[in-house]
Q: 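The following block contains the structure, expressed as structure tokens.
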Amino acid sequence: MFTIFDVDAIKFPRLSALLGKISTAIELDPSASVALLDEAIFLTLPLNDFALLSALYSSLGSCNVVLHNPLAIRNYEAALDMAENAHRPDLKVDALHGLGRTFLVFGEVNTSLEYGEKALQLARELDEVGKLPKILLTLGLVFGNTRQYERHVAMSREAALCAASLDDTRFHAHALNNWADGLTSWFLALREETGVSRTELLDEAIMHARTSLQLVRQNGFIRLELLAAETLAHAMEQKGNYVEAITHLEDTLQRLQGHGFVKEVLDIHLRLGALLFRLGRVQDGIDELTATHLAATQLGNYPHLADLLKDLCDANEIIGDFSTALNCMREYHLVVLKQMDYRSQISAQIYAAKMDLERAQKEVEAHKNRVDQLENFNRSLAMQANEDPLTGLPNRRALDESMTLRLTAANIDFAFIMCDIDFFKKVNDNFSHLIGDDVLRQIGVLLAACLRSNDMAARIGGEEFALVLDHCKHERLIETCNRIRKIVEKYPWENVAKGLRITMSFGVTSYHEGDTLKSLMIRADDALYRAKRNGRNRVERS
């Protein structure tokens with residue numbers, strides 16, 4: 001149903017007023033809500049508020065499903081597109097579920113199952129527990145349409161328990177109603193297939209339908225009350241409680257007609273006519289079905305018109321009015337042909353919708369790939385800008401950025417070390433620049449391997465490197481640098497080039513209050529110079 005979004009009432013007074021009307025009307029009058037939603041969408045489109053548009057299109061689709069209008073497919077397509085634009089996967093769940101529900105209404109069970117499963121998977125990935133009951137209900141109806149009533153009942157039970165745990169009264173009531181309907185259908189299927197009447201299924205169905213009715217009446221869910229009333233009457237009919245079922249339906253009609261849920265009201269009249277026959281009140285049943293037939297013809301889009309005509313034909317045969325029965329049968333065949341043609345039209349619309357969805361999804365995927373390529377390119381540029389290409393260590397620019405953050409932190413505690421390779425020019429002269437590059441690469445690997453994750457090693461030029469050691473106590477600092485020095489010295493450089501020997505010298509300093517990167521580098525460089533002057537392959541401290 002409609003998702004509430006904050007809209008600036010001062011800046012958008014007309015839209016704000018419309019959203020208020022929609023949230024009230026959508027449960028009571030779907031026909032009126034369609035016009036309100038169309039106007040709200042018209043006002044929202046120029047704002048590029050994709051999240052609000054997605055919610056509005058989903059609500060419009062929900063109304064059109066209730067009105068049995070295939071435009072619902074297009075509405076949910078638009079909702080899915082807007083959810084993608086808004087980067088709102090939670091709204092995408094609603095649109096996917098809406099498509100599943102719509103395809104189910106128009107008989108595309110496999111497609112309904114596909115979208116229902118997508119919605120369920122995404123809802124669980126997002127931990128959108130509040131959306132699970134409605135998705136489970138739709139999947140339950142898919143199983144019901146394929147005569148897998150035990151699964152229908154199981155899914156409805158899970159939806160009811162989930163909604164109850166969330167204190168979601170509306171979907172709790174809806175799930176109980178579907179649970180009851182599944183049990184009744186299961187009872188009928190077992191009796192038809194095996195001849196066994198498991199009346200305990202009907203008892204449970206009546207119990208759940210009564211609970212559903214109680215909840216919807218307490219909360220004013222009119223459409224759900226009409227559905228639950230018909231479900232309860234159906235279970236009572238199979239149990240043989242005709243009088244109670246008729247009284248119950250007549251009371252419901254007296255209170256709830258005129259709210260725009262025409263098809264649900266006609267379903268109740270159709271059930272009432274069948275009950276009157278069961279009770280032996282054949283003429284009353286004929287009168288009820290004749291009035292229902294007239295209303296259904298005027299409506300022009302009643303999905304159970306064929307069933308209605310079949311019942312009228314049988315009833316008129318019972319009283320001997322064969323002429324009327326023949327006319328009903330002729331109309332029945334015409335309706336069946338029209339329904340076949342209508343289903344073909346719906347199938348064509350569904351096929352077109354599927355193509356549109358596939359195209360839109362391909363466009364989204366292509367856009368995502370372009371974005372991913374751009375992000376990868378940007379990351380590559382960032383790495384090139386901050387990474388030394390030879391050693392893979394951060395470069396001087398990265399060191400500057402890191403030191404800026406460290407020097408402006410609340411608690412500053414680090415040591416700064418300058419180090420370089422002893423007699424590196426001789427390596428290049430005696431072994432070649434290629435071997436020199438190999439040495440630099442391996443030094444980069446060794447330095448990185450010696451440091452903790454929060455420390456830093458950077459190549460700042462030629463054979464010169466800088467180290468930053470966070471929270472390294474003074475007594476451990478020289479020890480740590482000597483450990484690194486020894487690792488470099490003892491590395492099997494003979495594997496790189498025969499006769500090669502590499503050592504490094506280190507100049508160490510600690511942060512003093514007021515230090516800058518320049519002052520730290522000056523002190524560390526002075527210490528490094530002393531290490532060189534005092535024989536190299538050693539650590540000096542400033």
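All values below were derived from every heavy atom in this structure, side-chain atoms included, with hydrogens, water molecules and symmetry-related copies excluded.
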Q: Tell me whether His97 contacts the main-chain N or O of Lys134 through its side chain, where contact means a donor paired with an acceptor under 3.5 Å.
A: yes
Q: If we count only N and O atoms by modelled type, under 3.5 Å, do the side chains of Asn219 and Arg170 hold a donor and an acceptor together?
A: no
Q: When rounded to the nearest 0.5 angstrom, what distance separates CG in Leu467 from CG in Leu393?
A: 9.5 Å
Q: Look at the aromatic rings of Tyr511 and Phe414 and report parallel, tilted or perpendicular, splitting at 30° and 60°.
A: tilted
Q: Which atoms form the tightest heavy-atom contact between Ala524 and Phe416, and what is the distance?
A: CB-CD2, 3.8 Å
Q: Side chains of Arg523 and Ser542: donor-acceptor distance under 3.5 Å anywhere?
A: no
Q: Is Ser402 reaching over with its side chain to a backbone N or O of Leu399, donor-acceptor style, under 3.5 angstrom?
A: no
Q: Does any donor atom in the side chain of Gln121 or Glu125 lie under 3.5 Å from an acceptor atom in the other side chain?
A: yes
Q: Looking at Gly462, is its backbone amide N or carbonyl O close enough to the side chain of Arg459 to form a donor-acceptor pair, meaning the two atoms are under 3.5 Å apart?
A: yes
Q: Can any side-chain N or O of Ser212 pair as donor or acceptor with the backbone N or O of His208 at less than 3.5 Å?
A: no
Q: I would like to know whether Arg396 and Asp388 meet salt bridge (Lys or Arg N to Asp or Glu O under 4.0 Å); could you show each step before the answer?
A: CA-CA 8 Å; Arg396 175 59 189 269; Asp388 173 51; over 6 Å; no
Q: Does Arg538 count as lying over the ring of Phe506, i.e. NZ or CZ under 6.0 Å from the six-ring centre, within 45 degrees of the axis?
A: no
Q: Is there a donor-acceptor pair closer than 3.5 Å between any side-chain N or O of Thr102 and the backbone N or O of Gly98?
A: yes
Q: Indicate whether any N or O donor in one side chain lies under 3.5 Å from an N or O acceptor in the other, for Asp422 and Thr503.
A: yes
Q: Distance alone, cut at 3.5 Å: any donor-acceptor contact between the side chains of Glu387 and Asn395?
A: no
Q: Main chain of Val427, side chain of Asn430: is a donor-acceptor contact present, judged purely on distance under 3.5 Å?
A: no
Q: Determine yes or no for a side-chain-to-main-chain donor-acceptor pair under 3.5 angstrom, with Trp493 supplying the side chain and Val488 the backbone.
A: yes
Q: Are side-chain heavy atoms of Asp438 and Leu434 found at a separation under 4.5 Å?
A: no
Q: Going from OG on Ser505 to CZ on Arg530, what distance comes out if it is rounded to the nearest 0.5 angstrom?
A: 12.5 Å
Q: Look up atom CD1 in Ile443 and atom CG in Asp420, then write down how far apart they are to the nearest 0.5 Å.
A: 10.5 Å
Q: Using the benzene-type ring in the case of Trp, are the ring centres of Tyr57 and Tyr76 under 6.0 Å apart?
A: no
Q: Where the side chain of Ser112 meets the backbone of Gly100, is there a donor-acceptor pair that is under 3.5 Å apart?
A: yes
Q: Which residue is it: Lys532, Glu489, Lys486? I am looking for the one with a side chain to side chain donor-acceptor pair (under 3.5 Å) to Asn537.
A: Glu489
Q: Roughly how far, to the nearest 0.5 Å, is the NZ atom of Lys518 from the CE atom of Met403?
A: 15.0 Å
Q: Under 3.5 Å, is there a donor-acceptor pair between the Ser62 and Arg101 side chains?
A: yes
Q: Hey, what's the ring geometry for His152 with Tyr149, parallel, tilted or perpendicular (30° and 60° as the breaks)?
A: tilted
Q: Can we say Lys118 and Glu114 salt-bridge, meaning some charged N sits less than 4.0 Å from an Asp/Glu carboxylate O?
A: yes
